Amino acid sequence: WSVSEDFGRTWTNSPVGPAISGINAIEFRDDLFGLVGGTPTPGQSKIARTTDGGVSWELNSIAPNYVGYVVSIAAPTAETAFVAIHGGQNINSVYRSTDGGTSWEAVPGAPTGYIAHKGVLDPESHTLYLATSDTGGPYDGAKGQVWKLDTESGTWTDISPVPVTSDDDYFGYSGLTIDRQNPNTIMVVTQISWWPDIIIFRSTDAGAIHLAGAGVPSVAVSVPCRYIHGPVSMLSLQDFDHLVALMKASLKALPAAWQG
């Protein structure tokens, strides 16, 4: 266990480290409080906690009867923390602590059926995003979902880019991130799509377009042209002017909520 106090420029070995093997996730909220998770101890999933910057550690149980390893940790406040655990398909994979990581409980309503691969919390909107797949990977995965949790209301919403019921869904999801400067922008990566290799999905409205699944209703507006399949086409300037007027009128007629 090594510690850096200059943003990774130099490192020193600490005499005491967290009693966690195969560390997969580290979350330090400040210089003193931190949580570390990874491969579980035999028979239990546990997380290491420090309140003195890593000088000392305590090991706390997350799920006493559930063996899985921690893949993501988020600790937005002094009391609240979330972890995502990569384990069985039919077991709750998201846990929450309200006492600074000392004790943990399963988050009600968390999706089951797939394995958690990545969780990311947006502390501004109080939204937790979760990417899942039907296998642990890295070289397989045929189904999966992307979910978001409103941590204040407890509501889970499926925002999978491709509905799991669709024949076009032949992959799970693994990598997931949000833009910290604009948390409505989300990117998620497939696991695993061999052709055309990976697929990266991007949403700029916190998954609302993803929720539509089959896409967003749209219409094409064009101007009649001659020789449309040739290198040069011909159109009437009057038709073009009328099209511009039509589009201006249509945009002005949109609901106010769409004009932001």
Side-chain angles (χ1 to χ4, degrees), residues 7 18 20 22-40 45-54 57-63 66 68-87 91-112 114-133 144-159 173-189 191 203 206-207 210:
F7 299 99
I20 296 285
I23 293 174
N24 296 310
I26 301 174
E27 170 81 353
F28 269 80
R29 193 187 62 250
D30 51 40
D31 291 341
L32 298 177
F33 178 82
L35 298 170
V36 173
T39 303
S45 293
K46 293 191 175 183
I47 194 164
R49 174 179 180 267
T50 181
T51 57
D52 54 17
W57 296 85
E58 65 181 42
L59 202 58
N60 297 314
S61 175
I62 300 175
Y66 173 34
Y69 57 87
V70 175
V71 293
S72 299
I73 305 173
T77 70
E79 295 81 22
T80 305
F82 293 88
V83 297
I85 297 180
H86 179 124
I91 302 174
N92 193 316
S93 58
V94 181
Y95 289 77
R96 172 173 48 206
S97 173
T98 56
D99 56 11
T102 300
S103 61
W104 297 82
E105 62 180 1
V107 174
T112 58
Y114 297 108
I115 300 171
H117 276 256
K118 183 68 175 181
V120 178
L121 178 71
D122 171 28
E124 298 298 324
S125 66
H126 308 286
T127 302
L128 177 69
Y129 297 92
L130 185 69
T132 69
S133 181
Q145 293 175 300
V146 182
W147 289 84
K148 71 175 181 180
L149 166 68
D150 184 327
T151 60
E152 293 189 324
S153 69
T155 301
W156 287 91
T157 305
D158 182 356
I159 59 169
Y173 301 93
S174 183
L176 185 152
T177 189
I178 64 175
D179 185 340
R180 294 298 179 182
Q181 295 182 334
N182 181 12
N184 281 333
T185 298
I186 312 164
M187 298 184 74
V188 64
V189 180
Q191 171 171 317
S203 172
H210 288 173

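For clarity, every value in this text was computed on a predicted model and none was experimentally measured.
Contact annotation: the side chain of I47 approaches that of I73 to within less than 4.5 Å [non-hydrogen atoms, C-beta and beyond]. Contact annotation: the side chain of L121 approaches that of T151 to within less than 4.5 Å [non-hydrogen atoms, C-beta and beyond]. At a threshold of 4.5 Å between non-hydrogen side-chain atoms, the residues P111 and L130 count as touching. Side-chain contact check for T51 versus L32: every heavy-atom pair is 4.5 Å or farther apart. Contact annotation: the side chain of E58 approaches that of T102 to within less than 4.5 Å [non-hydrogen atoms, C-beta and beyond]. Within the 4.5 Å cutoff, side-chain heavy atoms of R180 are placed close to those of V120.
Distance check: I186 CD1 to T177 OG1 gives 10.0 Å after rounding to the nearest 0.5 Å. In this structure, the separation between OG1 on T127 and CD on E152 is 8.5 Å, given to the nearest 0.5 Å. Rounded to the nearest 0.5 angstrom, F28 CZ and F33 CZ are separated by 9.5 Å. Q191 contributes atom CD, which lies 12.0 Å from atom OH of Y173 (distance to the nearest 0.5 angstrom). To the nearest 0.5 Å, atom OG of residue S72 and atom CD of residue E27 are 10.0 Å apart.
Closest non-hydrogen pair, P76 versus P123, comes out as CB-CB, 4.2 Å. Nearest heavy atom pair, residue P18 against residue V36, reads CG-CG1, 4.1 Å. For the residue pair R49 and D99, the shortest heavy atom distance occurs at NH2-O, 4.3 Å. The minimum heavy-atom distance linking P183 with I178 is given by the pair O-CB, 4.3 Å. Of all heavy-atom pairs between T132 and A116, the closest is CG2-CA, 4.1 Å. Closest heavy-atom contact between T77 and R29: O-NH1, 3.1 Å.
Applying the salt bridge (Lys or Arg N to Asp or Glu O under 4.0 Å) rule to R96 yields no partners; only residues at least two apart in sequence or on another chain are considered.
For CG of D30, the number of neighbouring non-hydrogen atoms (other residues, nucleotides, ligands) closer than 6.0 Å is greater than 12.
At least one donor-acceptor pair under 3.5 Å links the side chain of W156 to the backbone N or O of P108. Listed for the D158 side chain is no donor-acceptor partner under 3.5 Å among the backbone atoms of Q145.
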